[in-house]
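Owing to the predicted nature of the structure, the values given are computational and were not obtained by experimental measurement. Index from 1, following the sequence.
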Amino acid sequence: MTDHTVTPPRPTTKRNPAGINTMSYLIFASRWIQAPLYLGLIIAQIVYVYVFGVELWHLIQHVITDGSHIDSNLIMLSVLGLIDVVMVANLLIMVIIGGYEIFVSRMRLDGHPDEPDWLSHVNANMLKLKLAVAIISISSIHLLKTFIEIGKLSTDGRGLGDTESAILWQVLIHLAFIVSAIALAVIDKMQHSYQAALSHSPEAVALNTPADARIPAENRG
């Protein structure tokens, strides 16, 4: 009696050559080259802490040595300088943590009580948007310092010279930062809308639906 049993063909597995795998791992491992850059930013953070301490000491020294003639504008400018240092330090923190998380390696901080809220859903677009907002904040502080200084010059009766032109350029640059941040926010929203539309498309729903659920109820065995 002839055996008509058909032997199913063996599944063929597509294997990549060893050289291609090695090259892929090498390219992927090259991301660690950026690690010293983030270590350098940490050193820059330490420098900013030192600058903050020096500025704060100068402010305290001025109040102690000349307490009877305290200039409110000078105090305000000094405080704005301290805020400026803090804002730049915050910008550094966002670049260090967010950049390392996106481009180098996961930090695996799940469950840590001090984990930033934005780190769980950070991506390149979100990081760029946060950096743009931080730059706008820093630019606002510089603009406010300029307005205070220009008001002091006007009160003293000294000639402003080219100061008005410099302020105009500073305002235009600040507005350019704002327009850039708005453009990044619009692009990010459009990207999220596009991804949401793709996830609700019939093809995506069919791919994400289990095989048993795609069979009509009357045909299920």
Side-chain angles (χ1 to χ4, degrees), residues 13-56 80-143 145 169-170 172-199 204:
T13 57
K14 190 176 181 180
R15 297 182 178 178
N16 293 326
I20 296 179
N21 285 335
T22 303
M23 181 63 69
S24 300
Y25 287 129
L26 180 62
I27 292 175
F28 184 65
S30 66
R31 71 192 190 279
W32 289 102
I33 298 176
Q34 294 189 21
L37 303 180
Y38 295 103
L39 294 176
L41 290 179
I42 294 174
I43 296 174
Q45 183 90 351
I46 297 173
V47 172
Y48 261 94
V49 172
Y50 174 77
V51 171
F52 182 89
V54 171
E55 294 291 334
L56 181 61
L80 288 176
L82 294 176
I83 296 175
D84 188 20
V85 173
V86 172
M87 294 299 299
V88 175
N90 292 339
L91 182 62
L92 282 172
I93 284 293
M94 281 192 291
V95 174
I96 293 170
I97 298 178
Y100 185 89
E101 175 81 9
I102 295 173
F103 300 109
V104 180
S105 177
R106 297 289 182 184
M107 291 189 174
R108 297 176 179 87
L109 299 176
D110 297 338
H112 196 282
D114 295 330
E115 180 185 1
D117 294 334
W118 52 270
L119 190 60
S120 59
H121 52 276
V122 66
N123 53 45
N125 290 332
M126 179 183 176
L127 183 61
K128 286 188 291 186
L129 185 59
K130 283 186 171 295
L131 292 179
V133 174
I135 291 173
I136 290 174
S137 302
I138 296 172
S139 177
S140 301
I141 293 173
H142 281 272
L143 199 58
K145 289 172 64 177
W169 279 109
Q170 195 169 351
L172 291 177
I173 293 173
H174 182 72
L175 292 176
F177 287 150
I178 295 176
V179 172
S180 300
I182 294 174
L184 287 173
V186 171
I187 293 173
D188 186 59
K189 184 176 181 180
M190 291 173 60
Q191 186 175 5
H192 281 299
S193 300
Y194 178 72
Q195 292 176 350
L198 284 181
S199 64

Any donor and acceptor pair, going by atom type alone, linking the side chain of E55 with main-chain N or O of Y50 inside 3.5 Å? no
Atom CD1 in I83, atom OG in S137: separation rounded to 0.5 Å? 11.0 Å
Rounded at 0.5 Å granularity, tell me how far CG in L37 sits from CZ in F103. 12.0 Å
Exercise: identify the closest heavy-atom pair between K145 and G81: NZ-CA, 4.2 Å
Taken to the nearest 0.5 Å, the spacing of L143 CG from L175 CG works out to 8.5 Å
Can you measure from CZ (R31) to OH (Y100) and round to the nearest 0.5 angstrom? 8.5 Å
Can you measure from CG (L91) to CD1 (I138) and round to the nearest 0.5 angstrom? 5.0 Å
Please report the closest heavy-atom contact between I141 and L80, naming both atoms and the distance. CG2-O, 3.5 Å
Look up atom CD1 in I93 and atom CD1 in I97, then write down how far apart they are to the nearest 0.5 Å. 5.0 Å
For residues 88-106, pull every pair meeting salt bridge (Lys or Arg N to Asp or Glu O under 4.0 Å), keeping only residues two or more places apart or in separate chains. E101-R106
side-chain hydrogen bond (donor to acceptor under 3.5 Å, both in side chains) with Q45: which residues, sequence neighbours excluded? none
Taking the side chain as everything from C-beta on, heavy atoms only, tell me whether Y38 gets closer than 4.5 Å to L41. yes
Closest heavy-atom pair, A134 versus M87, reported as atoms and distance to 0.1 Å, is O-CE, 4.4 Å
Give a yes or no on whether the backbone of I136 and the side-chain of S139 come within a donor-acceptor separation of less than 3.5 Å. no
